[in-house]
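Below you'll find the structure, written out as structure tokens, and then a few comments.
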Amino acid sequence: MKFNLSLNISRSQSLAIVTAVVAIYYLIFGVYMHSLGYFNQETLFYVEKVRIIFEGAGYKLKVIGLTSPPLPFFATFPFTTISPLMAPVIASALGTAALFYLMASTLVKKTQDDFYLFLLLLTFLLHPGILYVAASGKAIYMVLIFFYMFFLNIFKYYTSNTTFHVSIASICLVLLLFCDYKFIWLTLFFIPLVFSISLQSLNLAEKESIFRMTQSFNSPSLRRKLINKTFALYVILFVLPIASIVCYKLLNLTNANDADYFMNSPYATWTVLAERFIYETVTLNRDFKSPEVSLLISARMIIFCPLMVFAVALFRDKPYQILTLLTPFAFVEFLHIKYDKVFISHQYYLMFLILALLCFIIKVQPVKNTIPLKIVLALIIVVQFGTGYYFLSNSMMEDERNFITTIKNRNIKQEEEDEQDENRDMANYINGLPDGTRVMIDDAIAYPIVAFVNNVNDMVLPYQENFISAVETPGQYVSYILIANNRNRLAGYSILNTRYSPVVYQMSNSGNSTLEKAYETEHWTLYRLY
């Protein structure tokens with residue numbers, strides 16, 4: 001007896017299966033990194049805020065609505081029931097797999113050659129930067145998704161001249177802004193580009209832009225048509241993002257009396273203190289030499305992603321596509337000038353990798369001499385694995401360096417205690433206190449400790465209405481107070497530091513003090529009230 005079994009699986013179904021495997025791979029890698037003790041400030045900030053919402057007591061609407069960036073924060077909600085500490089990691093693993101699916105699904109529509117799909121898959125499986133996105137729990141995956149969708153629809157508009165794609169690009173830009181507000185400055189570099197696009201769309205025999213512009217301005221009908229097209233594109237592309245930001249600022253003004261609360265408050269976003277602390281820590285080193293010099297940032301991006309040069313070459317006969325590819329370079333140069341005391345994080349490097357891959361996805365079908373192209377493309381991608389590792393392991397950002405360090409030293413016990421080990425030690429001591437013991441903590445800087453605490457409901461935190469009263473008369477509200485001591489370089493940004501009046505009184509009148517040291521680490525002191 002013979003059985004004939006045949007499986008008819010379409011390319012879309014195969015792609016879905018491959019994506020599922022990629023997602024499982026990322027999840028396993030993320031769990032592995034978690035087991036090695038890797039955490040970062042952004043992940044712990046999300047964990048702490050989500051735990052406040054699901055486990056804390058008091059008025060939480062301000063935490064829900066004003067925690068920034070909001071979209072990555074909300075993305076952790078569904079996975080909190082699985083594990084609060086793992087929720088951001090699960091979100092980033094699945095989100096990075098979704099990014100792969102979006103790019104791969106576009107690629108399979110452009111070509112039937114699976115070699116390019118294999119290279120894309122290899123990049124997502126082995127590139128250190130992509131692995132960092134998937135396993136770190138940071139919001140980079142969501143930034144890259146909407147960055148990719150924004151530029152994809154801009155390129156679609158160039159080929160179809162249909163404003164529908166501009167509308168979709170505008171929506172993607174809105175979502176991108178709610179993942180990283182700094183991308184609002186990207187719109188500056190699209191203002192002249194939109195004018196150029198409108199000029200190019202006019203039905204004129206003249207090809208050179210300068211002559212097309214002269215001809216348009218000299219003709220009343222053409223001038224009117226150019227103005228109408230330019231204005232229409234500006235409205236479609238920019239009005240929705242601007243309106244969304246204005247509404248969000250009004251929300252902040254209404255609930256926090258500060259329109260920029262989501263950018264400036266350490267209770268709303270982790271970047272306020274973390275970026276400042278990283279910059280001050282690095283620059284105080286006497287041997288510090290910044291690799292981020294103006295006009296050389298773009299060169300660093302090209303070294304990180306040499307594929308970008310090849311991608312620009314594919315559009316050598318498309319001036320507007322090339323101008324579009326150059327806007328991110330102008331954007332990062334602007335960020336370096338605007339935020340001169342903030343290092344360029346890894347997500348801004350990775351967006352060039354995504355943009356370069358997008359160019360090949362778009363141009364892969366028309367390219368002739370595919371054999372040389374495949375060889376060169378494969379070599380460049382292999383080189384990028386090395387540059388990705390180098391830039392991540394030599395990053396100015398401690399969280400990024402620690403990712404590589406954790407992998408390299410996974411079997412080596414570090415002599416110096418890790419910062420997160422100290423936070424866990426303090427949290428473990430708090431966990432050992434009797435149930436119902438109230439502890440006052442200022443989570444402006446102590447959010448990593450709150451993230452590791454078992455019972456957030458027993459914490460008295462700044463979002464609660466009785467926090468100020470507890471600060472003024474702690475004995476009526478709490479049994480313990482967590483203080484940032486003088487060795488903590490962020491102590492000046494916390495209400496609860498060594499200048500806090502009960503602590504000052506304890507230092508000067510130890511015999512009559514109502515405080516007693518219960519537990520102390522290098523940067524934190526837990527006091528008991530008696």
Next item on the list: With ring-ring contact (aromatic ring centres under 6.0 Å, His included) as the test, would you mind laying out the steps for F45 and F73 before giving the verdict?
Entry: CA-CA 9 Å; F45 183 83; F73 173 57; 7.8 Å; no
Ring centroid separation for [X] and [Y], is it under 6.0 angstrom?
X: F74; Y: F77; value: yes
X: F150; Y: F190; value: yes
X: F315; Y: Y320; value: no
X: Y267; Y: Y447; value: no
X: Y389; Y: H127; value: no
X: F304; Y: F352; value: no

Quick one: [atom1] on [X] to [atom2] on [Y], what's the gap to the nearest 0.5 Å?
X: Q347; Y: M142; atom1: CD; atom2: CE; answer: 12.5 Å
X: F118; Y: L121; atom1: CZ; atom2: CG; answer: 7.0 Å
X: I344; Y: M396; atom1: CD1; atom2: CE; answer: 12.0 Å
X: L307; Y: C359; atom1: CG; atom2: SG; answer: 8.5 Å
X: M149; Y: T106; atom1: CE; atom2: OG1; answer: 7.0 Å
X: K49; Y: L66; atom1: NZ; atom2: CG; answer: 10.5 Å

Note to self: Working note: Y248 + F178, criterion ring-ring contact (aromatic ring centres under 6.0 Å, His included); need CA distance, chi angles, decisive distance, verdict.
What the structure shows: CA-CA 10 Å; Y248 192 59; F178 285 105; 5.3 Å; yes
Test item: [X] side-chain N/O and [Y] main-chain N/O as donor-acceptor pair under 3.5 Å:
X: S393; Y: Y390; result: yes
X: R51; Y: E48; result: no
X: T327; Y: F189; result: no
X: S160; Y: K156; result: yes
X: D180; Y: L176; result: no
X: T96; Y: S92; result: yes
X: K60; Y: I53; result: yes
X: T80; Y: T76; result: yes
X: N402; Y: N40; result: no
X: S105; Y: S12; result: no

Next item on the list: In sequence, state the C-alpha distance, the side-chain angles, and the governing distance for L237 and L233, and then conclude on side chain to side chain contact (heavy atoms under 4.5 Å, CB included).
Entry: CA-CA 6 Å; L237 189 58; L233 282 178; 5.8 Å; no
Could you tell me if the side chain of [Y] sits less than 4.5 Å from the side chain of [X], heavy atoms only?
X: I407; Y: M33; value: yes
X: V133; Y: Y26; value: no
X: L373; Y: F360; value: yes
X: P241; Y: T187; value: no
X: D425; Y: W524; value: no
X: L44; Y: F452; value: yes
X: D258; Y: S265; value: no
X: H346; Y: S395; value: no

For the residue pair [X] and [Y], categorise the inter-ring angle as parallel (less than 30°), tilted (30 to 60°) or perpendicular (more than 60°).
X: Y181; Y: F262; answer: perpendicular
X: F29; Y: F403; answer: perpendicular
X: F151; Y: F155; answer: tilted

Non-hydrogen atoms of [X] and [Y] that approach each other most closely:
X: D442; Y: P462; value: OD1-CG, 3.4 Å
X: C305; Y: A356; value: SG-CB, 3.9 Å
X: I171; Y: L240; value: CG1-CD2, 3.9 Å
X: F124; Y: I130; value: O-CG2, 3.6 Å
X: Y46; Y: P88; value: CB-CG, 4.3 Å
X: L461; Y: I441; value: CD2-O, 3.4 Å

Note to self: Please evaluate residues L335 and I297 with respect to the criterion side chain to side chain contact (heavy atoms under 4.5 Å, CB included), reporting the C-alpha separation (whole Å), side-chain torsions for both, the decisive distance (0.1 Å), and the verdict.
What the structure shows: CA-CA 10 Å; L335 288 183; I297 298 295; over 6 Å; no
Item checked: Y339 atom OH, over 12 foreign heavy atoms within 6.0 Å -> yes
Checklist line | Neighbour count >12 (heavy atoms, 6.0 Å) for atom CZ, F115 | finding: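 Yes.
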Next item on the list: Taking atom types as modelled, find out whether S298 and E333 have a side-chain donor-acceptor pair closer than 3.5 angstrom.
Entry: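 Yes, a side-chain donor-acceptor pair sits under 3.5 Å.
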Note to self: If you apply the rule side chain to side chain contact (heavy atoms under 4.5 Å, CB included), what do you find for L117 with V18, and how did you get there?
What the structure shows: CA-CA 11 Å; L117 181 61; V18 171; over 6 Å; no
Notebook entry, point to check: Taking the six-membered ring of Y158 as reference, does the NZ or CZ atom of K318 fall below 6.0 Å from its centre and within a 45° cone about the axis?
Noted result: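 Because its charged atom misses either the 6.0 Å distance or the 45° angle limit, K318 does not stack over Y158.
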Item checked: Lys NZ or Arg CZ of K62 over Y261 ring: under 6.0 Å, within 45° ->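 K62 over Y261 ring: yes.
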Checklist line | Steps toward side chain to side chain contact (heavy atoms under 4.5 Å, CB included) verdict (F391, I303) | finding: CA-CA 10 Å; F391 275 79; I303 295 172; 3.9 Å; yes
Notebook entry, point to check: Do NZ/NE/NH1/NH2 and the carboxylate oxygens of K138 and E42 come within less than 4.0 Å?
Noted result: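 Salt bridge: yes.
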